[in-house]
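Before any comments, here is the structure.
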Amino acid sequence: MFGTHSSEGYQEIIGGIKIKTLSYGGNTLMSEFILKKDSVLPAHEHPYEQTGYLVSGKIRLFIDGKSKILNKGDSWNIPPNIGHKAEILEDSVAIEIFSPRRDDYLGFVIESDISI
């Protein structure tokens, strides 16, 4: 599968937080998040392992009650079923990979951007 770059197709899931699924397979899914300064991703957990990379900006990420300020180039891993949240300190872009594949995020794919 190949994903084609496009500035279109982002969907706002929470105020100031947009998502687009870039590519996926049978076991993993990769999404891009556009995060506006001062937005908050509320505390939550899910059964997916989540690995992320901060392409640009600055966020405060909380994982299992511990927090760290992350800057451009930093990365993280959140094990399944562990509580986490994020405070967006600057306009930011993050890439995250989920395993197993998050089928609920398949709705954030623009089919014309994905080819097999």
I'd like to check [X] versus [Y] (side-chain heavy atoms, cut-off strictly below 4.5 Å). Are they in contact?
X: Thr28; Y: Phe98; result: no
X: Phe33; Y: Glu96; result: yes
X: Leu29; Y: Ile97; result: no
X: Val93; Y: Glu32; result: yes
X: Pro42; Y: Ile14; result: yes
X: Leu22; Y: Ile95; result: yes
X: Ile59; Y: Leu89; result: no
X: Tyr48; Y: Arg101; result: no

Please verify the inter-ring angle class for His44 with His46; under 30° counts as parallel, over 60° as perpendicular, anything in between as tilted. tilted
Under a 4.5 Å side-chain heavy-atom rule over Ile, Leu, Val, Met, Phe, Trp and Tyr, are Leu61 and Val40 clustered together?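 No, no single cluster joins them.
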Linking I/L/V/M/F/W/Y whenever any side-chain heavy atoms sit under 4.5 Å apart, do Tyr53 and Met30 land together? yes
To the nearest 0.5 Å, tell me how far Ile19 CD1 sits from Tyr10 OH.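 Here the rounded value is 10.5 Å.
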Show, in sequence, the C-alpha distance, side-chain angles and deciding distance for Leu54 and Ser92, and conclude whether the side chain to side chain contact (heavy atoms under 4.5 Å, CB included) test is met. CA-CA 7 Å; Leu54 194 60; Ser92 301; 4.1 Å; yes
Sub-3.5 Å donor-acceptor pair from the side chain of [X] to the main-chain atoms of [Y], do we have one?
X: Ser6; Y: Glu8; value: yes
X: Asp91; Y: Lys36; value: no
X: Ser39; Y: Ile17; value: no
X: Thr21; Y: Tyr105; value: yes

Does the side chain of Trp76 come under 3.5 Å of the side chain of Gln50 through a donor N or O and an acceptor N or O? no
Ignoring hydrogens and geometry beyond distance, is a side-chain donor-acceptor pair present between Asn27 and Ser99 at under 3.5 Å? no
Closest non-hydrogen atoms of Pro47 and Pro80, given as atom of the first, atom of the second and distance, are O-CB, 3.6 Å
Mind checking who shares a hydrophobic cluster with Phe62, ILVMFWY linked at side-chain heavy-atom distances under 4.5 Å? none
Salt bridge (Lys or Arg N to Asp or Glu O under 4.0 Å) assessment of Lys66 paired with Asp64: CA-CA 6 Å; Lys66 299 176 183 120; Asp64 201 21; 5.0 Å; no
Cation over ring face, Lys20 and Phe108, 6.0 Å, 45°: no
Which residue pairs pass the salt bridge (charged side-chain N to carboxylate O under 4.0 Å, His left out) test with at least one member in residues 77-87, sequence neighbours excluded?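 Residue pairs with at least one partner in residues 77-87: Arg60-Glu87.
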